[in-house]
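Given the structure is predicted, the values throughout are model-derived calculations rather than measurements.
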Amino acid sequence: MALSDKQQRFLRGKAHALKPVIHIGQSGLTPAVSAEAGRALADHELIKVKVHGAEREDRDAMIAGLCAATGSELVQRIGHVATLYKARSPLPKIVLPD
């Protein structure tokens with residue numbers, strides 16, 4: 001599922017007030033972090049993830065790996081913080097514009 005520009009703008013607006021719920025530390029992207037991110041996405045659909053202490057390429061790789069592991073879409077990445085979205089399958093909580 002690819003997000004359109006309009007949907008990304010909508011989700012960025014929703015995510016503005018959110019605090020990061022997942023923190024990736026010096027151990028990097030572990031299976032436990034992926035599982036917790038999957039649980040958070042199932043509960044909230046839209047989350048922020050903060051990656052601590054890594055170079056830009058490493059951060060990008062961790063965020064891409066997390067998106068692949070959880071089946072989510074990257075909405076935006078600013079510095080160390082990324083916003084991820086995954087629609088809840090039976091009844092989405094966040095209704096995206098067309």
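- For Q7 (side chain) and P97 (main-chain N/O), a donor-acceptor pair under 3.5 Å exists by modelled atom type.
- For the pair V75 and L46, the minimum side-chain heavy-atom distance is below 4.5 Å.
- Just one residue in the list E36, H52, K50, K48 forms a side-chain hydrogen bond (donor to acceptor under 3.5 Å, both in side chains) with H23, and that residue is H52.
- Judged by distance alone, with hydrogens and angles left aside, the side-chain atoms of R12 form no donor-acceptor pair with the main-chain N or O of K14 at under 3.5 Å.
- Cluster partners of I63, by chain and number: V21, I22, I24, L29, V33, L41, I47, V49, V51, M62, L66, L74, L84. The rule joins Ile, Leu, Val, Met, Phe, Trp and Tyr whenever side-chain heavy atoms lie under 4.5 Å apart.
- The shortest non-hydrogen separation linking T70 to A37 is CG2-CB, 4.0 Å.
- Between the CG atom of L96 and the NZ atom of K6 there is a distance of 11.0 Å, given to the nearest 0.5 Å.
- For the pair D60 and R77, the tightest heavy-atom approach, listed with the atom from each and the gap, is OD1-NE, 3.0 Å.
- A heavy-atom distance below 4.5 Å is found between the side chains of H80 and R59.
- Here the side chain of E45 pairs a donor or acceptor atom with the backbone of R88 at under 3.5 angstrom.
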So L18 and T83, side-chain contact (heavy atoms from CB on, under 4.5 Å) or not? Walk me through it.
CA-CA 9 Å; L18 297 179; T83 304; 5.8 Å; no
